[in-house]
Amino acid sequence: MTINLADLYHLPPIEWSVIADRLDRGVTQAPRSGGPDRHTCWLATINRDGSPHVTGVGAIWFEGTFWFETGQGTRKGKNLARDPRCTLSVATDEFDLVVDGEAEPVTDPDLVATMAAQWNGAGWPARVDESGTALTAEYGAPSAGPPPWTVYRLRAQRATGLLVVDPGGATRWQFDT
């Protein structure tokens, strides 16, 4: 389902394909590579007391969904183990995007290896750990905690996009899950 949030300005709804096609080209986190100075993905999870916890993550878009990783001992790891509901947001030069859904831990060795290769291609030298079900690397974001890092797939339930280039627009999508 698509809801045009900019109808009052007589703007057309944004086609999801515009968002997905741009994400397919990559959203790098390298400095001076995107707006405003770079792209950062922010992950919001739910603390035990119901309050939000927001932190930057090295998420990547692959095969039509966002993927991220974190250690099980981090606050976001503990929050996701208790309640997988989360929100991931990113700002690109063309649009702002917020995706709501559930984070699913991925332990299939082939898929973990595929995601390690994806992060390698994006510039982070991740590799599969000895268990075959998580990632390790010489370095990682301090907020990810120490390795091993669990890979998560974000199962999107809905998304809201704000197109910041012509013609503009704002749209909410509801996905079949």
Side-chain angles (χ1 to χ4, degrees), residues 3 5-6 14 16 19-20 22-107 112 115-116 118-119 122-124 126 134-137 139-164 169-175 177:
I3 300 169
L5 301 175
I14 304 164
W16 177 252
I19 303 298
R22 170 60 183 88
L23 292 172
D24 285 343
R25 293 195 315 265
V27 181
T28 178
Q29 295 186 24
R32 292 174 298 287
S33 64
D37 189 34
R38 64 188 170 94
H39 303 291
T40 299
C41 291
W42 298 96
L43 180 71
T45 60
I46 303 167
N47 286 320
R48 185 172 296 285
D49 67 1
S51 64
H53 174 255
V54 180
T55 188
V57 293
I60 56 176
W61 177 261
F62 177 68
E63 294 188 343
T65 194
F66 280 105
W67 303 75
F68 63 93
E69 46 67 34
T70 194
Q72 293 303 298
T74 64
R75 186 187 303 184
K76 63 184 165 290
K78 291 175 183 176
N79 286 349
L80 292 171
R82 190 186 66 263
D83 186 339
R85 293 177 299 163
C86 61
T87 298
L88 189 137
S89 61
V90 63
T92 70
D93 289 330
E94 299 87 359
F95 57 81
D96 298 334
L97 180 66
V98 176
V99 180
D100 299 325
E102 293 190 0
E104 172 186 56
V106 174
T107 57
V112 171
M115 295 316 301
Q118 291 299 310
W119 269 293
W124 178 48
L135 299 178
T136 191
Y139 64 89
S143 65
W149 299 299
T150 299
V151 174
Y152 289 87
R153 173 189 305 134
L154 178 57
R155 296 279 187 192
Q157 296 169 340
R158 72 196 137 272
T160 304
L162 174 65
L163 193 62
V164 296
T171 302
R172 180 175 301 125
W173 302 272
Q174 185 81 30
F175 304 111
T177 54

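Starting from 1, each residue takes its place in the sequence as its number.
- Every residue was checked against the side-chain hydrogen bond (donor to acceptor under 3.5 Å, both in side chains) condition with W173, not counting sequence neighbours, and none meets it.
- When the side-chain hydrogen bond (donor to acceptor under 3.5 Å, both in side chains) test is applied to T74, the partners found at least two apart in sequence or on another chain are T70.
- In terms of the side-chain contact (heavy atoms from CB on, under 4.5 Å) criterion, residue partners of A20 (sequence neighbours excluded) are, by chain and number, W16, W61.
- Taking every heavy atom of both residues into account, A103 and L154 meet most closely at N-CD1, 4.3 Å.
- I19 CD1 to L163 CG: the interatomic distance, rounded to the nearest 0.5 Å, is 6.5 Å.
- Considering every non-hydrogen atom in both A59 and F66, the closest pair reads CB-CD2, 4.3 Å.
- When all heavy atoms of T136 and P147 are compared, the closest pair comes out as OG1-CB, 3.4 Å.
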### Verdict with supporting geometry, V57 and K76, side chain to side chain contact (heavy atoms under 4.5 Å, CB included)
CA-CA 10 Å; V57 293; K76 63 184 165 290; 3.8 Å; yes
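- In this view, I3 and M1, L5, R172 satisfy the side-chain contact (heavy atoms from CB on, under 4.5 Å) rule, not counting sequence neighbours.
- At a threshold of 4.5 Å between non-hydrogen side-chain atoms, the residues D96 and V98 do not count as touching.
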Would you be so kind as to tabulate the donor-acceptor pairs closer than 3.5 Å made by side chains of residues 82-91, with sequence neighbours excluded?
from	atom 1	to	atom 2	distance (Å)
R82	NH1	N79	OD1	3.4
R82	NH2	I46	O	2.4
R82	NH2	N47	O	3.1
D83	OD1	R85	N	3.1
D83	OD1	R85	NE	3.1
D83	OD2	R85	NE	3.3
D83	OD2	R85	NH2	2.7
T87	OG1	D100	OD1	2.7

### Query
Between L23 and L97, does a side chain to side chain contact (heavy atoms under 4.5 Å, CB included) hold up when you go through it step by step?
CA-CA 10 Å; L23 292 172; L97 180 66; 3.9 Å; yes
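- Among pairs with a residue in residues 43-69, none fulfils salt bridge (Lys or Arg N to Asp or Glu O under 4.0 Å), at least two apart in sequence or across chains.
- Legend: ring pair (Phe, Tyr, Trp, His ring centres under 6.0 Å) pairs involving residues 142-161, not counting sequence neighbours, sorted by first then second residue: F68-Y152, W124-W149.
- In terms of the side-chain contact (heavy atoms from CB on, under 4.5 Å) criterion, residue partners of T107 (sequence neighbours excluded) are, by chain and number, T133.
- With sequence neighbours excluded, no residue forms a salt bridge (Lys or Arg N to Asp or Glu O under 4.0 Å) with E102.
- Residues Q174 and Q157 approach most closely at NE2-O, 3.5 Å, considering heavy atoms.
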### Task
Any chance you could lay out the side chain to side chain contact (heavy atoms under 4.5 Å, CB included) test for I14 and F95, step after step, and finish with the verdict?
CA-CA 10 Å; I14 304 164; F95 57 81; over 6 Å; no
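- Taking both residues in full, the closest heavy atoms of G56 and S143 are given as O-OG, 3.6 Å, listed atom of the first, atom of the second, then distance.
- When the salt bridge (Lys or Arg N to Asp or Glu O under 4.0 Å) test is applied to R153, the partners found at least two apart in sequence or on another chain are E104.
- Closest heavy-atom contact between M115 and W67: CE-CG, 3.3 Å.
- Here the straight-line distance linking atom NE2 of H53 with atom NZ of K78 works out to 11.0 Å at 0.5 Å rounding.
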